[in-house]
Protein chains: 2
Amino acid sequence: MAISSQHTIRNNLLSRLRADDRAAILAALDRVELKRKDVLAQPNEPLTHVHFLETGVASVVVGTRDRRRIEVGIIGSEGATGLPLLFDVDSTPHETFIQIEGEALRMSKDAFIGLIEQRPAFRRLMMRYAHIFQLFTAQTALSHGSYTLEERLARWLLMCHDRVEKDEFPITHEFLSVMLGVHRPGVTTTIHILEGAGTIRARRSHIEIVDRPKLELIAGDSYGIPEAEYRRLITDDVALG
Amino acid sequence: MAISSQHTIRNNLLSRLRADDRAAILAALDRVELKRKDVLAQPNEPLTHVHFLETGVASVVVGTRDRRRIEVGIIGSEGATGLPLLFDVDSTPHETFIQIEGEALRMSKDAFIGLIEQRPAFRRLMMRYAHIFQLFTAQTALSHGSYTLEERLARWLLMCHDRVEKDEFPITHEFLSVMLGVHRPGVTTTIHILEGAGTIRARRSHIEIVDRPKLELIAGDSYGIPEAEYRRLITDDVALG
DNA sequence: AACTTTACGTGCGTAATCGTACATCTGACT
DNA sequence: AGTCAGATGTACGATTACGCACGTAAAGTT
């Protein structure tokens with residue numbers, strides 16, 4: 001019911017904490033498996049847990065009554081789900097589910113709210129992360145409004161690549177079409193374009209990143225702004241450590 | 001250098017505070033004029049103030065080196081600028097400027113940070129607002145990915161209408177094209193469609209809302225989700241008052 | 001091995017929006 | 001009243017993506 005050994009922690013937020021804060025927080029965490037399509041947060045249902053991802057990728061999507069859905073956030077070992085709880089909000093219209101299976105360190109809502117109060121450094125860290133999460137959503141809005149499908153797909157693959165250890169990960173065109181808010185055949189065609197350019201290799205339900213620099217070139221300015229801010233505000237800030 | 005009389009406050013966040021919290025906060029505010037195109041936050045420059053808008057509308061836009069820009073947030077008397085300061089972040093890549101002139105109650109960065117610490121109710125209120133601001137950005141991402149220009153324009157006009165007192169407000173097609181991330185002639189054409197449907201009336205540099213219900217019909221599900229959450233979490237929550 | 005499900009490939013007419021160019025109009029300023 | 005910059009109106013080919021329909025192919029199931 002609690003995580004003791006420190007060296008097993010792969011979540012980058014938790015690893016930024018001072019030893020005493022980290023110890024207090026680890027005591028409230030337990031490790032859980034995350035399977036593909038597992039739902040971590042139902043829209044408009046009370047949030048029960050915060051998940052600090054260790055491996056794998058989760059997606060936050062917004063949907064409407066008229067069936068439209070689109071991804072507005074992506075979470076890996078650099079972040080956590082359940083941010084509304086940080087904001088004194090019990091539920092959100094957004095849905096969070098597992099895109100690529102993995103593991104997470106889970107904390108109950110009550111424990112999280114308590115630790116946020118008791119550990120200012122933890123609260124500040126989470127708030128900084130929340131800021132960057134907002135930047136990701138904003139960048140997604142920009143991407144959908146201003147970039148082509150090819151650029152957006154390149155961006156998404158880069159973001160996913162940032163969050164998994166390997167160069168290959170399981171993902172279907174169907175899922176990608178929801179993530180990017182386009183129809184499925186469009187994804188297939190665009191994947192072939194990226195594949196033809198030698199940047200990726202696609203198999204059934206899998207995509208492998210072959211030439212990341214070239215992929216970054218294709219994504220252009222649709223990729224990079226929130227990533228740079230994450231490094232500036234979390235990875236590189238010694239004051240947090 | 002401070003706001004005394006209570007009945008002059010039109011900002012909806014400030015008016016949700018308990019009397020004692022509000023008094024402490026008003027003491028740190030002063031009233032400023034906001035002219036069209038005034039910049040409240042330069043991208044990547046240190047934030048100096050938080051602005052609680054009384055009248056008028058501000059826009060938050062994200063831009064890239066390759067000159068693309070798009071609105072990712074809109075702020076009126078329901079909200080405030082400078083949210084990164086709430087998140088322990090000194091600057092952001094986003095730019096905030098005045099879209100429709102008005103007035104604001106301004107607080108210095110240091111005063112804001114101090115009051116956030118000293119007044120938990122104030123902090124919780126601001127965090128709830130930050131959550132809803134995030135929903136707005138997410139809804140914008142959805143809109144750009146899934147709705148037509150006509151629907152998105154209708155949505156924007158509704159959001160603007162929510163934030164001004166009158167049915168008419170000054171706005172140019174040029175500005176709208178940046179807000180919506182489309183080219184300017186497209187805005188002109190789409191305005192004519194909305195005008196032809198009898199929902200708005202357009203003059204040089206001005207748009208008047210004539211038939212709001214019909215505009216809501218056109219906007220469809222692109223409009224409404226964050227607005228409903230604002231009502232649930234801020235307007236209707238007596239626990240905050 | 002037959003069957004079923006899930007995922008991928010492809011084509012094509014249609015719609016939306018872009019990109020660009022240019023004409024016109026309005027209000028402010030001199 | 002004349003001038004001018006900013007704002008708006010219009011046109012049109014090019015591009016992108018949609019919407020559907022249908023075919024194929026790979027993995028799991030019995």
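Reminder, nothing fancy here: chain letters follow the sequence lines and each chain counts from 1. Quick caveat: nothing in here was measured; it's all calculated off a predicted structure.
At whole-Å resolution of the value, NE2 in His206(A) and P in dA26(D) are 14 Å apart. The CD atom of Glu151(A) sits 9 Å away from the P atom of dA17(D) (whole-angstrom rounding). Between the CD1 atom of Ile171(A) and the P atom of dC8(C) there is a distance of 9 Å, rounded to whole Å. One interatomic measurement links the two molecules: CZ of Arg204(B) to P of dA5(D), which rounds to 13 Å at whole-angstrom precision. To the nearest angstrom, P of dT6(C) lies 12 Å from CZ of Arg36(A). Put simply, CG on Leu194(B) is 13 Å from P on dG9(D), counting in whole angstrom units. For the pair Glu150(B) CD and dC18(D) C1', the computed distance is 17 Å after rounding to whole Å. Between Glu195(B) atom CD and dT10(D) atom C1' there is a gap of 15 Å when expressed in whole angstrom units.
Taking the side chain of His183(A) as heavy atoms from C-beta on, and the options dA17(D), dT20(C), dC8(C), the nearest nucleotide is dA17(D). Among the nucleotides dC8(C), dT8(D), dA17(D), the one closest to any side-chain atom of Thr172(B) is dT8(D).
Salt-bridge check for Glu33(A) with Lys35(A): passed, with a basic side-chain N closer than 4.0 Å to an acidic carboxylate O. Using a cutoff of 4.0 Å between basic side-chain nitrogens and carboxylate oxygens, Arg212(A) and Asp162(A) are scored as salt-bridged.
Taking 4.5 Å as the limit, every side-chain heavy atom of Arg31(A) sits out of range of all side-chain heavy atoms of Arg106(A).
No side-chain donor-acceptor contact under 3.5 Å links Thr55(A) and Glu165(A).
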Problem - Leu105(A) and Glu54(A): CA distance, side-chain angles, deciding distance, side chain to side chain contact (heavy atoms under 4.5 Å, CB included) verdict - result: CA-CA 7 Å; Leu105(A) 300 176; Glu54(A) 289 272 279; 3.8 Å; yes
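At a cut-off of 3.5 angstrom, counting only N and O atoms as typed in the model, there is no donor on one side facing an acceptor on the other between the side-chain of Arg184(B) and the base of dG19(C).
Counting non-hydrogen atoms under 4.0 angstrom, Leu149(B) reaches the backbone sugars and phosphates but no base. Using a 4.0 Å heavy-atom cutoff across all strands shown, His173(B) reaches sugar-phosphate atoms only and no base atom.
Residue whose closest nucleotide on DNA chain C sits further toward the 5' end, between Phe175(A) and Gly145(A): Phe175(A).
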